[in-house]
Amino acid sequence: MQVATGKSVLNGIAIGKIKIYKAPKYVIDESIISDIDGEIIKLETAVKKAIARQNGLYNRALEVAEKESAEIFKAHAIMLEDEDLKDTVKEIITGQKRTAEYAVNMAFDNMAQVFEQMDDSYMQARSADILDIKQEVLDVLLGDDSDFMPESEPIILAAEDLTPSATVKLKESLLLGIITREGSMNSHTAILSRSMNLPTIIQCKEMDDSWDGKLGVIDGYNSLVYVEPNDELLASLTTKRKEDEKKIALLQELKGKENMTIDGTTIKVYANIGGPSDIGMVQANDAEGVGLFRSEFIYLNSKDYPTEDEQFAFYKLALESLSPKLVVIRTCDLGADKTAEYMDLGKEENPALGYRAIRICLTRTDFFKTQLRALLRASAYGNLAIMFPMIISVKELNEAKQLLETCREELEQEGVKVGNYQVGIMIETPAAVFCADELAEQCDFFSIGTNDLTQYMLAIDRQNAELEPWLDTHHPAVLKAIQMTIEAGHRHGIWVGICGELGADLSLTETFLRMGIDELSVNPQSVLPLRKVIREIDLTDQTER
């Protein structure tokens with residue numbers, strides 16, 4: 001058995017035979033030509049056909065993916081219609097007396113390099129789109145329109161990389177998952193595979209041609225690829241895949257239905273996510289939005305402080321992919337059990353009560369402002385809510401909001417567009433509960449972090465396994481704190497949600513609804529089971545189940 005690692009684009013399990021795909025490599029005619037007019041006519045004909053193909057791929061993408069993902073091909077068609085780009089190709093044909101394919105190859109490669117050298121990782125990823133449309137024009141010019149997936153049985157497709165056009169041309173019924181050696185989380189191919197709900201691993205450097213024809217497994221949950229797995233592992237992952245299939249069946253039954261009780265009470269059901277690989281799960285499980293985007297994954301997966309552009313690319317990807325759904329992004333919540341070595345936080349005897357979350361942010365304002373600027377820039381691309389963690393006083397909240405306002409003013413002075421956004425906090429300490437009225441006056445929303453709230457209410461370290469018998473998540477004090485928070489929020493006209501693990505505790509769903517909770521945010525796989533329970537509750541019945 002071989003185990004390979006990469007980056008997961010979509011959580012999920014795929015099991016099947018691996019097929020290695022190699023993109024066609026053309027021999028470009030570099031000879032000097034005499035019929036310049038003939039080459040220009042050949043170019044114009046090829047570009048028109050390539051545009052028609054992109055429009056055809058748009059219609060194909062509408063059948064297998066989300067409309068937002070299909071728009072990629074509309075954008076490609078617009079690129080091909082760009083007069084400046086076509087003029088550049090023609091200048092190479094006429095000035096250097098070269099073939100149309102030579103001119104296309106050179107002009108598009110040069111443009112792709114311009115994008116690749118940009119500082120913005122999102123713009124860097126657009127170089128792949130330039131190379132995609134180059135390939136489409138060359139396919140027309142050189143007459144290659146072969147079916148590169150002729151298999152009659154479902155396969156896992158492995159490739160050096162895949163363009164958006166190649167991805168959407170795949171026969172969906174025969175495609176189990178995708179593995180690529182290269183690729184970017186920000187690429188349109190990644191967006192498409194999420195939209196098509198395909199388990200996908202990118203940047204899998206161990207991939208090689210010897211995998212062709214062998215049994216493979218993609219474990220998107222752990223970003224792993226297994227080649228020729230042993231029987232025990234295969235049985236375990238097969239069981240996991242069957243569990244996923246049951247959830248998909250549930251999705252077909254409940255997708256598009258309201259989160260409404262029998263008596264007509266509605267509640268928002270959002271998803272908690274830890275990074276871009278979970279975006280597809282939000283869509284697949286029909287969550288109404290994201291109630292907790294854990295931004296610390298960006299810091300934990302980086303060897304140094306992530307730059308503003310790097311963070312902006314992640315936030316923009318989430319907001320664009322999920323628009324117009326609300327995405328609540330929690331600002332950096334490091335410390336305690338989540339540490340990044342480069343931050344040099346030091347060791348603490350009581351880390352859960354120590355230097356963490358907003359306390360780090362408000363004392364290291366340069367790094368905090370970097371995140372706030374990235375968030376504000378991304379706000380122009382979707383429906384954003386910014387959430388500060390571990391707030392225990394109005395003073396802290398005002399300091400965080402003032403930094404946010406300073407960043408907004410700076411960006412506007414720089415001519416950077418900033419969209420609309422909400423500002424809220426997590427309620428996860430007794431102090432926040434007892435100051436909830438004062439805090440609500442400064443917020444657009446509350447989100448109750450029940451994991452930490454339980455820990456602090458009961459004075460029990462939730463990381464200490466020996467204390468588990470005393471960690472009563474249903475403790476009356478915890479439930480009373482939740483009730484007090486909801487009532488305080490509503491007194492001041494703001495919405496209140498729960499984003500901790502109790503949100504997915506189906507034995508408490510009716511209790512929370514009777515308390516008046518406005519929103520529950522749970523892991524994506526819990527969205528539909530929660531919807532099922534909500535739709536079976538009748539709040540006019542005075543007897544709680």
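When reading the values below, keep in mind they use all heavy atoms of this one structure, side chains included, and skip hydrogens, waters and symmetry mates.
- Of all the heavy atoms in Ser223 and Ile201, the pair that sits closest is CA-CD1, 3.7 Å.
- Considering only heavy atoms from C-beta on, Met426 stays 4.5 Å or farther from Phe446 through its side chain.
- Interatomic distance, Cys204 SG to Leu224 CG, rounded to the nearest 0.5 Å: 9.5 Å.
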Check step by step if side chain to side chain donor-acceptor pair (under 3.5 Å) holds for Asp244 and Tyr221. CA-CA 12 Å; Asp244 288 347; Tyr221 295 99; 2.9 Å; yes
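- Arg294 has no carboxylate O lying under 4.0 Å from a charged side-chain N of Asp333, or vice versa, which leaves the two without a salt bridge.
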Would you sort out whether Leu530 and Leu528 count as a side-chain contact (heavy atoms from CB on, under 4.5 Å), showing the intermediate values? CA-CA 5 Å; Leu530 179 58; Leu528 292 167; over 6 Å; no
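- With hydrogens and angles left out, the side-chain atoms of Gln113 and Asn110 include no donor and acceptor closer than 3.5 Å.
- A donor and an acceptor atom, one from each side chain of Asp263 and Thr540, are nowhere located under 3.5 Å apart.
- Relative orientation of the Tyr305 and Phe367 rings is tilted, given thresholds of 30° and 60° on the angle between their planes.
- Side chain of Thr307 to backbone of Glu310: a donor-acceptor contact under 3.5 angstrom is found.
- A heavy-atom distance below 4.5 Å is found between the side chains of Asp505 and His474.
- Here the shortest heavy-atom pairing between Ser447 and Cys499 reads OG-SG, 3.2 Å.
- Judged by distance alone, the side chain of Ser8 and the main-chain N or O of Gly220 form a donor-acceptor pair under 3.5 Å.
- Rounded to the nearest 0.5 angstrom, Ile517 CD1 and Trp495 CH2 are separated by 9.5 Å.
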Apply the test side-chain contact (heavy atoms from CB on, under 4.5 Å) to residues Glu288 and Glu519: give CA-CA distance (whole Å), side-chain angles for both, the deciding distance (0.1 Å), then the verdict. CA-CA 10 Å; Glu288 294 176 86; Glu519 174 256 1; over 6 Å; no
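- In this structure, Thr180 contributes its side chain and Asp161 its backbone to no donor-acceptor pair below 3.5 Å.
- Between the CE atom in Met390 and the CD1 atom in Ile360 there is a gap of 10.0 Å [rounded to 0.5 Å].
- Closest approach of Thr370 and Pro306 over heavy atoms only: CG2-O, 4.0 Å.
- Two residues are said to be in side-chain contact when any heavy atoms from C-beta on lie closer than 4.5 Å; Ile329 and Leu384 meet this criterion.
- Considering Arg535, Arg531, Lys532 as possible partners of Asn259, the one that fulfils the side chain to side chain donor-acceptor pair (under 3.5 Å) test is Arg531.
- Side-chain atoms of Ser526 never come within 3.5 Å of backbone atoms of Val522 as a donor-acceptor pair (strictly under, hydrogens ignored).
- In this structure, OG1 in Thr265 is found 10.5 Å from CD1 in Ile534, a value given to the nearest 0.5 Å.
- Inter-residue side-chain proximity for Thr261 and Asp538 is flagged as unmet; no heavy-atom pair is nearer than 4.5 Å.
- Under a 4.0 Å N-O distance rule, the pair Glu410/Lys369 qualifies as a salt bridge.
- Within the 4.5 Å cutoff, the side chain of His475 has no heavy atoms near those of the Met457 side chain.
- Annotation: side chain of Leu453 is in contact with side chain of Val433 (closest heavy-atom distance under 4.5 Å).
- Ion pair Arg373/Asp309 not flagged as a salt bridge, since none of the NZ, NE, NH1 or NH2 atoms sits closer than 4.0 Å to an Asp/Glu carboxylate oxygen.
- A donor-acceptor contact under 3.5 angstrom links the side chains of Tyr315 and Gln371, judged on distance only.
- The closest side-chain heavy-atom distance from Met387 to Thr331 is not below 4.5 Å.
- Pairing each heavy atom of Met260 with each of Thr266, the nearest pair is CE-CG2, 3.4 Å.
- Rounded to the nearest 0.5 Å, atoms OG1 (Thr509) and CD1 (Ile537) are 5.5 Å apart.
- Salt bridge status for Glu258 with Lys268: absent, with no side-chain N to carboxylate O gap under 4.0 Å.
- We find that Lys417 and Glu412 are not joined by a salt bridge, their nearest charged nitrogen and carboxylate oxygen being 4.0 Å or further apart.
- The heavy-atom pair separating Gln422 from Asp444 by the smallest distance is CA-OD2, 3.4 Å.
- For the residue pair Val496 and Gly489, the shortest heavy atom distance occurs at CG2-CA, 3.9 Å.
- Residue Lys134 qualifies as enclosed at atom NZ: its count of foreign heavy atoms under 6.0 Å is above 12.
- Remark: Met79 CE to Leu85 CG distance equals 10.0 Å, nearest 0.5 Å.
- Arg514 and Glu510 are joined by a salt bridge, as a carboxylate oxygen and a charged side-chain nitrogen come within less than 4.0 angstrom of each other.
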Go through Leu362 and Phe368 one step at a time and tell me if the side-chain contact (heavy atoms from CB on, under 4.5 Å) criterion holds. CA-CA 7 Å; Leu362 293 179; Phe368 191 32; 4.3 Å; yes
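- Side-chain atoms of Glu438 do not come within 3.5 Å of backbone N or O of Val394 as any donor-acceptor pair.
- With contacts defined as side-chain heavy-atom distances shorter than 4.5 Å, the pair Val290/Tyr270 does not qualify.
- Salt bridge Glu182/Lys205: present, at least one basic N to carboxylate O contact under 4.0 Å.
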